[in-house]
Amino acid sequence: MTEFIASHLDLAMQHAAVWGFILIFVFMAVESSFIPFPSEVVMIPAGFLAYRGLLSTHLPWLDLVLAMVIGLAGSMLGAYINYFLSAWLGRPFLHKYGKYFFLKEQHLDRAEEIFRKYGDLATFVCRLLPAIRQLISIPAGLSRMSLGRFSFFTALGAGIWTAILALIGWYFGHLAGNMTALEMVNRGKELLHQHYGWILLFLAVFTAGYFLVQHLVMRSGKKDTAE
């Protein structure tokens, strides 16, 4: 699917100055919802176009910031669609009819298993992991996770992921010559694969720090109660 979509993006890139930010928002909303759509084909070209000054403002640094912010806004919209639909429809409906909406039962079960194991933190961690990235909003909605906490952890994970992809495109933009969208996406995925260990290390450190702080806060609360 990635190659099929990327091969048709060159035409859209020719009109990026007019439609670029709108397309970023719409496609990132789709990517973050239950519809399978690769974020790499959106944010990597966006970073590339920003560096070349080919988006709306023609100011590279401002285009990059706006692309990240708008990409994040689209991701949040898609996540909210998953969250509220899941809370409204419920688990029985999703497991029975989800297959007609790109939601396989085994994928839903896996997302719920991860959410039960890691709780709120899963909405952040899974935003940086392939395959489960979009689906983690579904068990959050089913469990009616606090909307404030859901928004915070989702925005944190989606923001980091969006920035990583945009900066990869920015890096490609400074290279000599032009690249097609398909070349950018393929090279970007290779770059991600080569350095994904750093992302996993960051997630491990963040997770450990989160649980440590949570443990210390709980201990402090127990001491205050005992006193």
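Computation of the quantities below employed the complete heavy-atom set of this structure, encompassing side-chain atoms and omitting hydrogens, waters and symmetry-equivalent molecules.
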Is a side-chain donor-acceptor pair under 3.5 Å present for Tyr80 with Ser151? yes
By the salt bridge (charged side-chain N to carboxylate O under 4.0 Å, His left out) test, which pairs, at least two apart or in different chains, include something from residues 69-80? none
Applying salt bridge (charged side-chain N to carboxylate O under 4.0 Å, His left out), which residue pairs with at least one partner in residues 146-174 are found, sequence neighbours left out? Asp120-Arg149
Only counting residues at least two apart or in another chain, list the ones meeting side-chain hydrogen bond (donor to acceptor under 3.5 Å, both in side chains) with Ser137. Arg127
Checking one residue: Met68. Which other hydrophobic residues are in its cluster under the side-chain 4.5 Å linking rule? Tyr51, Leu64, Leu167, Trp170
Taking ring-ring contact (aromatic ring centres under 6.0 Å, His included) as the test, write out the residues that go with Phe124, two or more places apart. Phe206
Test: salt bridge (charged side-chain N to carboxylate O under 4.0 Å, His left out). Region: residues 57-69. Which pairs qualify, not counting sequence neighbours? none
Can you list the residues that meet the side-chain contact (heavy atoms from CB on, under 4.5 Å) rule with Ala46, with sequence neighbours excluded? Ile24, Met43, Ala67
Salt bridge (charged side-chain N to carboxylate O under 4.0 Å, His left out): pairs with one or both residues in residues 69-97, sequence neighbours excluded: Arg91-Glu112
Test of understanding: with ring-ring contact (aromatic ring centres under 6.0 Å, His included), list the residues that count as partners of Tyr83, not counting sequence neighbours. Phe150
By ring-ring contact (aromatic ring centres under 6.0 Å, His included) - contacts of Tyr196 (at least two apart): none
Residues that Tyr97 engages under ring-ring contact (aromatic ring centres under 6.0 Å, His included), provided they are two or more places apart: Phe93
Other than Trp198, what residues sit in its cluster of Ile, Leu, Val, Met, Phe, Trp and Tyr side chains whose heavy atoms are under 4.5 Å apart, directly or through others? Leu201, Val205
